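Fair warning: this is a prediction, and the values are worked out from it, not measured in the lab. Just so it is clear: chains get the letters A, B, ... in the order the sequence lines come, proteins before strands, and each one is counted from 1.
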Protein chains: 4
Amino acid sequence: MTTQTPRGDTRARIVDVALELFSEHGYEKTSLREIADRLGVTKAALYYHFRTKEDILAGIVDSMSAPIDEAIAWGREQPYSPEVRDEIVRRFAEGMADRQRLLRFFHENQPTIRELSVGTRFKERMINLTRLMQGPEPTFEDRVRAAVSLMVINVTHFISEAVEEEQCGNEPVDPESRQAVALRVALDVAEQIGKPAQD
Amino acid sequence: MTTQTPRGDTRARIVDVALELFSEHGYEKTSLREIADRLGVTKAALYYHFRTKEDILAGIVDSMSAPIDEAIAWGREQPYSPEVRDEIVRRFAEGMADRQRLLRFFHENQPTIRELSVGTRFKERMINLTRLMQGPEPTFEDRVRAAVSLMVINVTHFISEAVEEEQCGNEPVDPESRQAVALRVALDVAEQIGKPAQD
Amino acid sequence: MTTQTPRGDTRARIVDVALELFSEHGYEKTSLREIADRLGVTKAALYYHFRTKEDILAGIVDSMSAPIDEAIAWGREQPYSPEVRDEIVRRFAEGMADRQRLLRFFHENQPTIRELSVGTRFKERMINLTRLMQGPEPTFEDRVRAAVSLMVINVTHFISEAVEEEQCGNEPVDPESRQAVALRVALDVAEQIGKPAQD
Amino acid sequence: MTTQTPRGDTRARIVDVALELFSEHGYEKTSLREIADRLGVTKAALYYHFRTKEDILAGIVDSMSAPIDEAIAWGREQPYSPEVRDEIVRRFAEGMADRQRLLRFFHENQPTIRELSVGTRFKERMINLTRLMQGPEPTFEDRVRAAVSLMVINVTHFISEAVEEEQCGNEPVDPESRQAVALRVALDVAEQIGKPAQD
DNA sequence: AATGAATGAGGGTTCATTCAT
DNA sequence: TATGAATGAACCCTCATTCAT
């Protein structure tokens with residue numbers, strides 16, 4: 001008597017599977033047939049829920065927007081200070097913690113994303129975030145550091161995955177300390193923002 | 001009797017144009033027709049010089065190997081020290097300086113590269129480099145930092161491009177100081193390697 | 001308790017909208033989704049009222065049959081004479097006056113109609129009409145003229161539309177005189193029927 | 001030893017077969033697969049010769065332009081007179097004589113053609129022709145008659161085909177007299193151009 | 001009287017690749 | 001050292017249609 005398709009939430013399942021495949025094989029190399037097959041439906045079924053392949057991607061991205069927007073909103077209400085700057089990094093890191101697959105996807109599919117309109121929207125969000133991390137009159141280096149700092153959060157996650165895979169007689173690393181490392185490195189990068197170049 | 005195409009080195013021109021297009025639109029979305037068109041030859045001509053599309057990519061990657069291999073070779077002959085570690089970062093940065101397009105390509109086409117055998121070879125090289133940056137008994141954090149440090153070099157280059165694009169009435173930033181910033185950030189990240197976690 | 005859709009006559013509204021779209025974009029290029037959308041219902045709703053797409057078309061055609069059948073019926077009871085012939089043309093023209101969209105559709109979708117069984121029925125009707133326009137022993141030219149005459153009625157309507165669109169600072173032409181022109185031209189063509197070829 | 005594909009003129013053969021199928025089943029209902037199949041090649045082969053399905057159609061249409069353009073060119077050099085008007089009709093009729101399939105296609109696929117850019121070009125040509133058929137200060141009726149006259153040429157051809165098919169114990173009609181009838185009818189319609197409305 | 005979800009068939013198009021010349 | 005012609009597989013997408021509710 002139980003339904004075979006685990007609920008009417010096909011739309012959500014599509015987004016799920018799509019993200020999984022997109023992040024694994026890339027957006028271009030993932031065909032709608034693969035997505036449909038893995039879901040046990042027809043390609044045409046996807047088109048009942050999404051107007052276009054790009055639309056599926058947009059659906060994915062939207063599911064990531066919330067935490068970033070919240071971080072931006074919070075940041076806008078604070079006066080600038082190094083503590084606020086660090087807090088933004090922290091909030092960003094936290095917000096992204098359970099969205100690693102999406103982050104990987106974003107990082108590894110830039111050429112696609114860049115040309116796909118959804119990319120512009122994401123980019124703008126990131127730029128806004130970085131602006132809140134910079135002091136009143138940021139130098140070029142300040143701005144680069146802000147951007148790199150956030151990106152380090154992203155990158156570190158899957159770098160540490162790779163590091164773990166590499167011959168590891170060691171103990172498996174728990175997710176929290178992985179995140180802690182990411183945060184530490186990101187804050188390192190952010191720390192020099194606003195300080196005079198000591199070159 | 002003079003050659004009709006500027007030089008007979010069509011092969012090199014193919015690699016050139018291919019890299020340009022691959023890095024701009026991505027490997028998957030770049031068709032051989034586009035490459036051929038921009039070169040003013042036929043698709044079939046490409047097949048005279050390369051056996052497959054993947055082969056072109058291999059050609060590209062090979063042209064990047066040298067400086068990394070040299071850095072590895074150099075590093076292997078030095079006993080480990082923080083100075084050596086920094087020097088490796090420096091050499092890597094320098095070697096990559098005029099290969100930014102390739103770096104971008106590598107970064108932005110991971111899903112493709114991962115599945116393309118040429119990726120494995122590149123990854124191994126990078127791992128070797130990072131190993132030389134780590135002390136004798138690296139912690140997990142040490143290893144992550146080493147990897148992130150190198151990746152920061154890559155990432156910073158095109159992050160700063162983006163930062164420049166963003167509205168700035170300021171002076172255009174010259175390539176050297178761009179590289180200097182990249183290096184500084186990378187060294188920041190590397191600096192804590194080997195130090196006890198002060199969390 | 002009032003009906004939610006203006007009237008319960010959805011069926012008629014479907015035929016209406018369908019004809020509008022069929023005549024504008026053609027039968028093949030008009031999808032059931034477009035029809036449904038414009039009506040504010042679902043595709044599936046159409047299937048409550050019609051068994052197939054072709055059925056909708058049949059519905060359309062049927063709504064046009066009456067005046068032609070009447071003209072035929074009338075013609076059959078008259079003995080042939082040039083006056084009767086002209087009267088048939090007149091009645092046909094009048095009957096079609098408020099069915100221009102349908103005429104256009106018929107004219108411009110012949111390949112479809114030809115293969116759709118509804119086409120045969122319509123064609124037969126037209127042939128019957130032309131027969132009544134021909135004298136007792138029609139020559140080939142007589143028969144052609146009869147057919148062309150009727151077709152001129154159809155064609156003229158949307159030709160004159162096109163002519164109006166074409167740049168003319170002149171007064172907009174009222175429908176009646178448009179019809180008058182159509183009729184005049186059609187009668188011109190019919191006039192020579194039965195006369196010896198004066199070639 | 002003879003080549004199986006009857007020559008390297010694939011491009012021309014495509015146009016040929018395409019026109020045949022387009023005019024028989026309509027543009028929309030004719031799939032590239034059908035065209036390819038009948039030619040004994042792959043769909044992809046069509047794309048070597050034409051960029052698009054629409055392009056095939058454009059190829060077809062271009063092959064019809066010449067005689068019309070010539071008629072226009074000739075007409076432009078003559079001062080207007082009823083004789084010139086009739087001569088234009090004659091030249092048009094002659095030019096179209098061996099292009100009946102194309103004419104049929106044009107007539108029966110208006111909805112498609114209208115939206116296909118190639119339609120605009122054709123329409124302009126026809127308008128130009130009709131302008132040459134009108135006197136200096138044409139009334140609305142004059143302009144309609146000019147347009148109808150030309151269209152009668154087109155229509156008559158396949159009307160008379162239909163008339164022949166219809167039960168014909170009679171002798172088969174030879175093409176020349178068919179054309180003669182068409183011309184006669186068209187000239188009938190044109191004759192009243194410029195005369196005061198005798199309504 | 002109508003909908004939501006899905007399907008199967010087919011559409012036009014693009015691609016990497018081949019091969020005789 | 002290249003090209004012209006072609007292919008086979010796959011792609012994204014659309015459509016008419018169905019059926020349980």
Side-chain angles (χ1 to χ4, degrees), chain A residues 3 5 8-11 14 28-36 39-56, chain B residues 3-5 8-11 14 27-36 39-56, chain C residues 3-5 8-11 14 28-36 39-56, chain D residues 3 5 8-11 14 27-36 39-56:
Chain A
T3 48
T5 34
D9 56 358
T10 311
R11 206 194 133 95
I14 292 174
E28 317 283 356
K29 291 238 334 185
T30 303
S31 74
L32 295 190
R33 187 176 56 63
E34 285 173 283
I35 299 177
L39 283 168
V41 295
T42 337
K43 262 189 298 173
L46 305 185
Y47 280 90
Y48 178 77
H49 296 280
F50 295 91
R51 277 184 26 268
T52 217
K53 190 186 182 186
E54 189 175 341
D55 236 46
I56 299 184
Chain B
T3 49
Q4 207 153 345
T5 34
D9 55 358
T10 311
R11 206 193 131 94
I14 292 174
Y27 176 79
E28 314 284 354
K29 291 242 325 189
T30 303
S31 70
L32 296 190
R33 187 172 60 60
E34 285 174 280
I35 299 176
L39 282 168
V41 296
T42 341
K43 260 188 302 175
L46 305 184
Y47 280 88
Y48 180 80
H49 295 280
F50 295 91
R51 271 185 35 266
T52 72
K53 189 185 182 186
E54 190 176 341
D55 243 44
I56 299 183
Chain C
T3 49
Q4 208 153 346
T5 35
D9 56 357
T10 311
R11 207 192 131 95
I14 292 174
E28 315 285 353
K29 292 243 323 189
T30 302
S31 71
L32 295 191
R33 188 172 60 60
E34 283 173 281
I35 298 176
L39 282 167
V41 296
T42 342
K43 259 187 302 176
L46 305 184
Y47 280 87
Y48 179 80
H49 295 280
F50 295 91
R51 274 186 32 265
T52 71
K53 189 185 183 187
E54 190 176 341
D55 244 44
I56 299 183
Chain D
T3 48
T5 35
D9 56 359
T10 311
R11 205 193 134 96
I14 292 174
Y27 176 80
E28 317 283 355
K29 291 240 331 187
T30 304
S31 73
L32 294 190
R33 189 177 54 63
E34 285 173 282
I35 299 178
L39 283 168
V41 295
T42 336
K43 263 192 298 173
L46 305 184
Y47 279 89
Y48 178 77
H49 295 280
F50 295 90
R51 276 185 26 267
T52 216
K53 189 186 182 186
E54 189 175 342
D55 236 47
I56 299 184

request  = Measure from the side-chain heavy atoms of D:Tyr47 and tell me the nearest of F:dT18, F:dA2, E:dT13.
outcome  = E:dT13
inquiry  = Closest approach to the side chain of A:Lys53, judged atom by atom: which nucleotide of F:dC13, E:dC15, E:dT3 is it?
reply    = F:dC13
Compare every heavy atom of [Y] with every heavy atom of [X], then report the nearest pair and how far apart it is.
X	Y	answer
A:Lys53	A:Thr30	NZ-O, 3.0 Å
A:Tyr47	A:Thr52	CE2-CA, 4.2 Å
C:Ala36	C:Thr42	CB-C, 3.6 Å
B:Glu28	A:Glu28	CB-CB, 3.6 Å

Rounded off to whole Å, could you give me the [atom1]-to-[atom2] distance for the [X] and [N] pair?
X	N	atom1	atom2	value
D:Arg33	E:dA9	CZ	P	13 Å
D:Lys29	E:dA9	NZ	P	17 Å
D:Phe50	F:dA5	CZ	C1'	14 Å
D:Arg51	E:dT14	CZ	P	9 Å
C:Ile14	E:dA1	CD1	C1'	11 Å
A:Ile35	F:dA10	CD1	C1'	15 Å
D:Glu54	E:dG11	CD	P	18 Å

side-chain N/O [X] vs [N] OP1/OP2, d < 4.0 Å:
X	N	answer
C:Tyr48	E:dA1	yes
D:Thr10	F:dA6	yes
A:His49	E:dG4	no

task = Return the nucleotide paired to E:dT13: Watson-Crick means purine N1 to pyrimidine N3 with N6-O4 or O6-N4, wobble means G-U with N1-O2 and O6-N3, both under 3.5 Å.
result = F:dA10
Nucleotide opposite E:dG4 in a Watson-Crick or G-U pair, distances under 3.5 Å = F:dC19
task = Between A:Thr42 and B:Thr52, just flag the one whose closest nucleotide in DNA chain E comes earlier from the 5' side.
result = A:Thr42
query = Given that C:Leu46 and D:Glu34 both sit by DNA chain E, which one's nearest nucleotide is further toward the 5' end?
reply = C:Leu46
task = Using the side-chain contact (heavy atoms from CB on, under 4.5 Å) rule, take A:Leu32 and A:Ile56 through it: C-alpha gap first, then chi angles, then the decisive distance, then the call.
result = CA-CA 10 Å; A:Leu32 295 190; A:Ile56 299 184; 4.2 Å; yes
task = Using only heavy-atom distances, decide whether a donor-acceptor pair under 3.5 angstrom links the side-chain of D:Lys43 to the base of F:dT7.
result = no
note = Ranking C:Glu28 and C:Ala44 by the position along DNA chain F of their nearest nucleotide, the one closer to 5' is C:Glu28
